[in-house]
Structures are given as structure tokens and as C-alpha cells.
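Worksheet: one structure, shown below.
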Amino acid sequence: MSGVAAARRLHPLWGLAEVALLGGLFIVTLWIVGPNVAGSGAAKTVYWAAVALWAAMIGWISPFVAHRDPPSLRGWGLGRPIDDPGRVRNAWPSYLAVTATAAAALLAACWIRDRQFVAHTDWRSAALKLAIYLVYGPIQAI
């Protein structure tokens with residue numbers, strides 16, 4: 001039996017419900033709670049709870065419980081050939097490089113727009129938001 005044939009067949013509405021839940025969590029974490037996470041303990045708690053639920057759905061509930069996907073179909077690349085670019089150990093260097101480049105470009109754009117940007121920035125909050133993205137980004141990619 002092929003890996004795709006081994007996957008569990010679910011009603012299409014289940015897939016629609018998964019997409020709606022994950023899409024809703026994406027909007028909540030990125031656009032509603034995310035901008036407030038550095039200034040509010042409640043926002044931080046809601047954010048991490050949403051990210052934990054999202055990670056559980058993507059990393060365990062959907063592939064293992066609901067769909068029973070074979071390893072080759074799972075988003076994080078386990079079960080793929082050792083040289084597959086989608087494997088975690090092959091993908092993280094490019095993810096890190098793109099994230100670092102984007103962060104540097106964002107900082108440069110801020111400095112170009114406002115030369116006093118360094119004085120106006122709450123670096124603790126900026127570091128917290130970057131750390132949160134380093135967790136959130138890979139979950140989003142999976």
C-alpha cells in the first residue's frame with residue numbers, strides 16, 4: 001500500500017474545519033495578540049496558548065491522529081530522504097539566513113526612516129518579538 005493510500009480518509013468538512021481553526025489562530029496570533037505581546041502579560045499568555053494549540057494541531061493532531069499520514073507526507077520532513085531540502089536539518093540554515101537577512105533589512109529601513117531609531121526603540125520588547133517569531137515562523141512554515 002502506498003504512503004498516500006495509507007492516509008486516513010476524512011470527510012472534506014473536517015479539512016475545512018482544520019483550515020478554519022488554523023487560519024483563525026494565525027489571524028489571532030499574528031495580527032491581534034502579536035502586536036501587544038511585549039506590553040501585556042495577558043496578551044503573552046493568550047499568544048503562547050494559541051501557538052501551543054497551533055503547534056499541537058500541525059505537529060500531532062492533524063498528521064498523526066486525524067489523517068494518519070505516513071512520515072513522507074508530514075510537513076517537518078521526517079521520513080524523507082536524507083538529502084531532501086524539506087527535512088528540518090536541511091531547511092533550518094536557509095530559514096535562519098532568511099530570518100536574519102529580513103531582520104537586518106527591517107532594522108536598516110527603520111534607521112533610514114528615523115536616524116534616532118536606536119534611541120526610540122524598546123530593545124527588550126524587540127528581542128522578545130524576535131524570539132517569539134523564531135518559534136512562530138517554523139510552526140507557520142510547517
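Here the structure is a predicted model, which is why all the values come from computation and not from measurement.
In this structure the side chain of Arg113 never reaches within 4.5 angstrom of the side chain of Phe117, judged on heavy atoms. Looking only at side-chain heavy atoms (C-beta outward), Val28 and Tyr47 stay at 4.5 Å or farther from each other.
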May I have the list of side-chain donor-acceptor pairs in residues 30-45 shorter than 3.5 Å, sequence neighbours left out?
| unit_1 | atom_1 | unit_2 | atom_2 | d |
| --- | --- | --- | --- | --- |
| Asn36 | ND2 | Ile32 | O | 3.0 |
| Ser40 | OG | Ala42 | N | 3.3 |
| Ser40 | OG | Ala43 | N | 3.1 |
| Thr45 | OG1 | Gly41 | O | 3.0 |

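Judged by the 6.0 Å distance and 45° axis criteria, Arg115 is positioned over the aromatic ring of Trp111.
Counting only distance, with no hydrogens or angles, the side chain of Ser62 and the backbone of Ile58 share no donor-acceptor pair below 3.5 Å.
Both Phe64 and Leu21 belong to a common hydrophobic cluster when Ile, Leu, Val, Met, Phe, Trp and Tyr are linked at side-chain heavy-atom distances under 4.5 angstrom. Linking Ile, Leu, Val, Met, Phe, Trp and Tyr whenever their side-chain heavy atoms come within less than 4.5 Å leaves Leu22 and Leu13 in two separate clusters. Under the 4.5 Å side-chain heavy-atom criterion for Ile, Leu, Val, Met, Phe, Trp and Tyr, Ile61 and Trp48 are members of the same hydrophobic cluster. Val51 and Tyr95 fall within a single hydrophobic cluster, where Ile, Leu, Val, Met, Phe, Trp and Tyr are joined by side-chain heavy atoms under 4.5 Å apart, directly or via other members. A continuous path of ILVMFWY side-chain contacts below 4.5 Å connects Ile27 to Val46, so both sit in one hydrophobic cluster.
Between Ile82 atom CD1 and Asn90 atom CG the span is 7.0 Å, to the nearest 0.5 Å. Distance OG1/Thr101 to CG/Leu106: 12.5 Å, rounded to 0.5 Å. Between Thr121 atom OG1 and Asp114 atom CG the span is 8.0 Å, to the nearest 0.5 Å.
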